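Note that the structure is a prediction, hence the values are computed from the model and not measured.
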Amino acid sequence: MSCRIVIYFTFFFCLFFTSVPLVHMYPSYPYSRNYQLDLNFYDRSCPNLHKIVGYGVWLALRNDNRMAASLLRLHFHDCIVNGCDASVLLDDTPYFTGEKNALPNHNSLRGFEVIDDIKEHLERICPSTVSCADILALAAREAIDQIGGPSWPVQLGRRDATTTSKEAAEQQIPSPIEPLENITAKFFSKGLDMKDVVALSGAHTIGFARCFTFKRRLFDFQGSGRPDPVLEFSLLSKLQNMCPNEDASNSNLAPLDATSTMTFDNEYYRNIVYNTGLLESDQALIKDRRTAPTVYYYSNNQFSFYNDFAESMVKLSNVGVLTGTEGQIRYTCGSVNY
């Protein structure tokens, strides 16, 4: 028996004999349901699913404090492209070029190995049972919960896509430099609304962005040859030092929320109010009369942000799911069963 399996068995033993529950009792707020999914879908077929996912995420966060943001982003980029079907996890084949190599994802998305590792252990305990799409949805929830952010109920029973599309990812994933009107249209096409746009943007309270995603704000905003006049001066100076106006700096990282980089809170909205939002798409939320009131509200009410973020995550995780006999349960998350 390998050391890794021994660790897992030890973890299960501790969980079963402690009075502290791992899975939350969720408040009875209204949320979007997909009646083909079920909170208790794996209760009989894989009763230790939540513990295995929770422990896998805990190990990942212990080794990499950026991983919570990465897992949440991985789940979002999966769901926003043709639904929450784990298509984002598929490697390229001779038959298709996958979402991993789409421009918004290439050398940017992280956390694949976390999902693969959890899947590997689930296949030993509950073979051919739990979909990669469900693992990803659970891992995103666990990651935010474990760093002190909000939690939400994850309905289960998704199945995995058998194909993926680089082109679809490039068309459907919102870009930080496109107009807010375009971004909201992409959300609306998935059945999400304006409140979801603002609440889910709050995911940028953690994580980092590469310099090329916001560099034009620092040096050549909208072709003016000058910085974005809205950007607060001290932040501008700091960012110009972090991201010099040269191609070599494109992959440098800057925190999306410089105030509380590793804490899931409402500081992201305060930053926007004070013109210290990092991305154009973030700062645009305070300029639009449809989104500005919600930004101000969340900046002063973290509890409401948490509740709305949780509700929006439930809606997001139900977008375009495959159920029943659709798709498949992959044996490994990076490849389709043949």
Side-chain angles (χ1 to χ4, degrees), residues 34 36-37 53 56 60 67 69-123 127-140 154 156-178 182-183 185-192 200 203 210 212-213 250-251 316-338:
N34 182 315
Q36 293 177 294
L37 303 180
V53 174
M67 190 52 66
S70 296
L71 290 171
L72 182 60
R73 183 169 182 254
L74 187 59
H75 180 45
F76 175 79
H77 280 221
D78 180 39
C79 294
I80 208 69
V81 181
N82 297 332
C84 307
D85 58 6
S87 57
V88 73
L89 305 178
L90 286 171
D91 296 321
D92 292 351
T93 74
Y95 308 104
F96 56 70
T97 301
E99 296 167 35
K100 284 184 178 181
N101 285 312
L103 183 60
N105 297 337
H106 184 61
N107 291 330
S108 173
L109 277 188
R110 304 169 71 243
F112 296 104
E113 72 285 356
V114 178
I115 305 303
D116 289 343
D117 190 57
I118 293 171
K119 176 64 171 176
E120 177 187 344
H121 288 280
L122 284 169
E123 284 299 306
S128 304
T129 301
V130 183
S131 69
C132 299
D134 278 342
I135 294 170
L136 183 51
L138 285 170
V154 177
L156 302 168
R158 297 167 189 78
R159 289 171 65 86
D160 299 324
T162 56
T163 188
T164 180
S165 170
K166 174 176 179 285
E167 291 74 21
E170 291 176 344
Q171 292 168 3
Q172 297 176 35
I173 295 174
S175 165
I177 62 172
E178 66 182 329
N182 292 12
I183 293 172
K186 291 178 179 181
F187 276 75
F188 294 167
S189 73
K190 307 301 177 183
L192 303 171
L200 292 174
R210 292 184 292 176
F212 85 87
T213 62
N250 283 346
S251 60
L316 174 70
S317 66
N318 287 345
V319 168
V321 297
L322 304 176
T323 59
T325 58
E326 299 172 309
Q328 62 181 210
I329 305 297
R330 291 185 213 141
Y331 305 135
T332 60
C333 291
S335 60
V336 173
N337 305 343
Y338 289 107

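Panel note: side chain D92, backbone T97; no donor-acceptor pair is recorded below 3.5 Å. The closest donor-acceptor contact from the side chain of Q172 to the backbone of N82 lies under 3.5 Å. Judged by distance alone, with hydrogens and angles left aside, the side-chain atoms of S131 form a donor-acceptor pair with the main-chain N or O of R158 at under 3.5 Å. Put simply, the side chain of D85 never gets that close to the backbone of L322: no donor and acceptor are under 3.5 Å apart. Counting only distance, with no hydrogens or angles, the side chain of R210 and the backbone of T213 share no donor-acceptor pair below 3.5 Å. The closest donor-acceptor contact from the side chain of T164 to the backbone of S87 lies under 3.5 Å. Proximity of a side-chain donor or acceptor of E123 to a complementary backbone N or O of S128 within less than 3.5 Å is detected. Checked by atom type and distance alone, the side chain of K186 pairs as donor or acceptor with a backbone atom of Q171 at under 3.5 Å. E326 contributes a side-chain N or O that, together with a main-chain N or O of T323, makes up a donor-acceptor pair within less than 3.5 Å. Side-chain atoms of S189 never come within 3.5 Å of backbone atoms of F187 as a donor-acceptor pair (strictly under, hydrogens ignored).
When all heavy atoms are compared, the tightest approach of P104 to A169 is CG-O, 4.3 Å. Nearest heavy-atom pair across I329 and R159 is CG1-NH1, 3.7 Å. The two residues M67 and V114 make their nearest non-hydrogen contact at SD-CG2, 3.9 Å. Listed here is the closest heavy atom pair of I173 and E178: O-OE2, 4.1 Å. The shortest heavy-atom contact between L74 and R110 is CD2-O, 3.8 Å. In terms of heavy-atom proximity, L89 sits nearest to F112 at CD2-CD2, 3.7 Å.
Taking CZ of F76 as the reference point, atom CG of L136 lies at 12.5 Å (rounded to 0.5 Å). Interatomic distance, CG of D117 versus CD1 of I135, reported as 10.5 Å (0.5 Å rounding). A distance of 10.5 Å separates CD in E170 from CD in E99, rounded to the nearest 0.5 Å. The line from CZ of F96 to CG of D91 is 8.5 Å long, rounded to the nearest 0.5 Å. The distance from atom CG of D160 to atom CG of D134, rounded to the nearest 0.5 Å, is 8.0 Å.
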Q. Between L156 and V130, does a side chain to side chain contact (heavy atoms under 4.5 Å, CB included) hold up when you go through it step by step?
A. CA-CA 9 Å; L156 302 168; V130 183; over 6 Å; no

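R73 pairs by the side-chain contact (heavy atoms from CB on, under 4.5 Å) definition with H77, S108, L109, not counting sequence neighbours. For A140, the side-chain contact (heavy atoms from CB on, under 4.5 Å) test picks out L72, H75, with sequence neighbours left out.
The disulfide bond (SG atoms under 2.5 Å apart) pairs that include a residue from residues 77-112 are C79-C84, where partners are two or more places apart or lie in different chains.
No option in I80, N105, I115 other than N105 meets the side-chain contact (heavy atoms from CB on, under 4.5 Å) test with V88.
Within the 4.5 Å cutoff, the side chain of L316 has heavy atoms near those of the L192 side chain.
The local environment of OH in Y331 is sparse, with at most 12 non-hydrogen atoms from other residues, nucleotides or ligands closer than 6.0 Å.
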